[in-house]
Each structure stands twice: as C-alpha cells, then as structure tokens.
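What follows is a short report on a single structure.
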Amino acid sequence: MELGLVGLGKMGGNMRERIRRAGHTVIGYDRNPDLADVQSLEELVGRLKGPRVVWVMVPAGAATQATIDELSELLEPGDIVVDGGNSRWTDDEKHAVQLGIKDIGFVDCGVSGGVWGLENGYALMYGGTEENVAKVQPVFDALKPEGEFGSVHAGKVGAGHFAKMVHNGIEYAMMQAFAEGWELLEKADSVTDVREIFRSWQEGTVIRSWLLDLAVNALDEDEHLEQLRGWAADSGEGRWTVEAAIDNAVPLPAITASLFARFSSRQDDSPQMKMIAALRNQFGGHAVEAKK
Ligand SMILES: O=C(CO)[C@H](O)[C@H](O)COP(=O)(O)O
C-alpha cells in the first residue's frame with residue numbers, strides 16, 4: 001500500500017525504511033529537506049492516491065497539533081490520519097472530532113522500539129474503529145516485530161496512547177529499580193564487579209529483560225558511568241500516567257517515585273532538604289552543613 005509519513009527523525013526515518021523493506025510505498029515529509037521525499041505537506045497529499053493514509057510521527061503537543069490542523073485542510077473524506085507520536089491520550093478524541101467533521105478517519109498509535117526498531121520491529125498499541133484500523137493494518141504488520149505478539153488493537157480512539165503511556169510508566173519504574181540496585185551494588189565493599197553481576201543476570205533470572213541487556217551495554221561502554229552526569233529529563237508520559245492514576249484513584253507508588261526521582265536529578269541542591277536540615281537544627285540542635 002501507499003503511506004504518507006510526516007516526521008523523519010530518529011523514529012520516523014527508521015520506520016520509513018522498515019515499511020519500505022516490507023514492500024510498501026512510503027512518501028516522507030520532514031521540515032528538514034535533506035530527509036524529505038517531498039517539500040511540503042501539500043505535495044505529500046498530492047502524491048498519494050486516495051483513500052490516503054498519512055502517519056504523523058512528530059513531537060507531541062504543538063507540532064502534532066499543527067500537522068493535524070494542516071492535514072485536516074488538505075485531506076479528503078475517507079482518508080485516515082494516524083498519530084504515531086507520544087501524544088497525550090486525551091488529545092486523541094479532540095483530533096478524531098476535528099478530522100471527523102470532514103469525514104477523515106483517525107487512529108492513535110503508541111509506538112515503542114526506539115532506535116532498535118528498524119531491525120527488531122516496533123511494538124504497536126493502536127486505538128480506533130475496526131474499519132479505520134483495518135485500513136492501516138498492512139502498515140502495522142510491516143512495522144511490528146516478527147512473531148505472534150508485538151501489536152494490539154487496544155480499544156477505541158485514545159486507547160493506543162493510553163496503553164503506551166502506561167507502558168512508559170512501567171518503563172520508568174523498571175529503569176529506576178535497575179538504577180537503584182546498581183547504585184547499591186557499586187557502594188558495597190564486598191562486591192568486586194558490578195558489571196559482571198548485571199551481565200550474569202541476563203540468563204536464568206527473574207529480572208532478565210531488554211532493559212537489563214541495555215544496562216549491560218551501557219556498562220560495557222562506561223563501566224562505572226563516569227562519563228555521565230546523574231541528570232534525567234522526562235518527556236511527559238510519566239506525569240500523565242500519575243495524573244491518570246489520580247483520576248482513577250489507583251495507587252502507583254513505584255511509578256510516581258520514579259518520576260519524582262527524575263525531578264530530584266535536576267536539582268544541584270535540594271531546597272526541601274535545606275528545610276529538613278533547618279528543622280532538625282531548630283528542634284534538636286542537630287548538625288547542618290553550611291553552603292560552600
Ligand atoms: O517511548 C519511549 C520508549 O518506550 C521514549 O523513549 C520515551 O518517550 C522516553 O520518555 P521519557 O523521556 O519520559 O523518559
């Protein structure tokens with residue numbers, strides 16, 4: 001089939017390649033003309049035969065909204081837009097309504113696989129009507145990992161991004177657990193080779209996983225992670241997971257703590273710990289350390 005793909009960055013560029021390898025035609029547009037097959041969204045839409053499927057793979061928020069705004073003007077009834085970015089699931093219903101006014105279909109799709117997806121395939125979680133999903137199915141089949149699992153029609157519009165959001169929340173907590181265990185092992189006098197302990201866990205253990213494999217890769221590159229600063233960004237999905245937990249009154253202590261650990265990582269000094277130190281000093285005369 002033919003696909004229009006908007007956004008050819010780290011994810012979109014490799015996805016174009018994987019879909020092409022499966023024998024489909026992909027016409028890609030990116031703001032960077034060096035990456036693009038066409039120079040505008042208008043040209044992209046003009047090059048596709050109807051009914052068109054256009055996959056949007058740009059940063060969540062303003063960039064996705066601007067792309068959907070433009071596509072809603074250019075596409076025709078019966079065409080489909082797939083949002084494959086990390087959009088907040090609450091945006092999906094709005095986009096479905098916006099496009100639905102012109103009878104353009106909408107499918108949301110959470111995509112996981114990172115820079116390894118080209119070779120390993122991408123895990124896909126999509127939401128939308130059976131009819132719209134069926135029109136995109138050949139592309140889902142091209143992108144998904146080989147084998148029985150790796151893609152799911154998660155429910156109605158929004159369910160794909162909701163599933164991906166929860167996946168990312170789990171990802172936060174799993175990474176945090178590996179990070180905490182690693183720090184404790186590094187600290188223990190009795191332990192001589194933390195990297196080899198991590199490597200040994202890759203077979204036979206309850207915690208063997210792709211994240212563990214990636215941790216071993218990282219330690220092979222830099223055994224004590226001395227080249228890195230203990231600083232981690234977050235791109236929103238952990239926050240949305242915690243917000244959804246509050247909306248549904250579901251306790252998420254591990255995921256919430258792993259999100260907050262990232263906030264702590266961005267502080268050079270902890271303002272709240274200054275208050276703890278001040279209070280301990282006030283009530284008990286306990287020692288404080290002066291700012292250097
Ligand atoms: O979707 C992903 C992996 O599954 C992304 O890499 C993820 O968005 C990274 O999120 P964050 O910046 O919040 O750690």
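Every number for a ligand or one of its atoms is a count from 1 in the order of the listing. Because the structure is a prediction, the values reported are computed rather than measured. Values reported hereafter were calculated over all heavy atoms of this structure, with side chains retained and with hydrogens, waters and symmetry mates removed.
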TODO: Flag yes if more than 12 heavy atoms outside Phe283 fall under 6.0 Å of its CZ atom; otherwise flag no.
DONE: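 Enclosed: over 12 neighbouring heavy atoms sit under 6.0 Å from CZ of Phe283.
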- Query: How would you list, by chain and number, the residues with a heavy atom under 4.0 angstrom from ligand 1?
  - Reply: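 Under the 4.0 Å cut-off, ligand 1 touches Asn86, Ser112, Lys164, His167, Asn168, Glu171, Tyr172, Asp234, Ser235, Arg262.
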Under 3.5 Å, side-chain donor or acceptor atoms of residues 133-145 against the rest of the protein: list the pairs with distances, not counting sequence neighbours.
from, atom 1, to, atom 2, distance (Å)
Gln137, NE2, Asp141, OD1, 3.1
Lys144, NZ, Gly147, O, 2.7

Exercise. Does the salt bridge (Lys or Arg N to Asp or Glu O under 4.0 Å) test come out yes or no for Glu196 and Arg199, once each step is laid out?
Worked result: CA-CA 5 Å; Glu196 289 314 309; Arg199 200 190 309 285; 3.0 Å; yes
Does Tyr122 have Arg18 sitting over its ring (NZ/CZ under 6.0 Å from centre, angle to axis within 45°)?
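Verdict for Tyr122: no cation-pi partner in Arg18.
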Please output the side-chain donor-acceptor pairs of residues 247-254 that fall under 3.5 Å, not counting sequence neighbours, one pair per line with the distance.
from, atom 1, to, atom 2, distance (Å)
Asn248, ND2, Ala244, O, 2.8

Fill in: Residue list, ring-ring contact (aromatic ring centres under 6.0 Å, His included) with Phe178, at least two apart or on another chain
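Result, ring-ring contact (aromatic ring centres under 6.0 Å, His included) vs Phe178: none returned.
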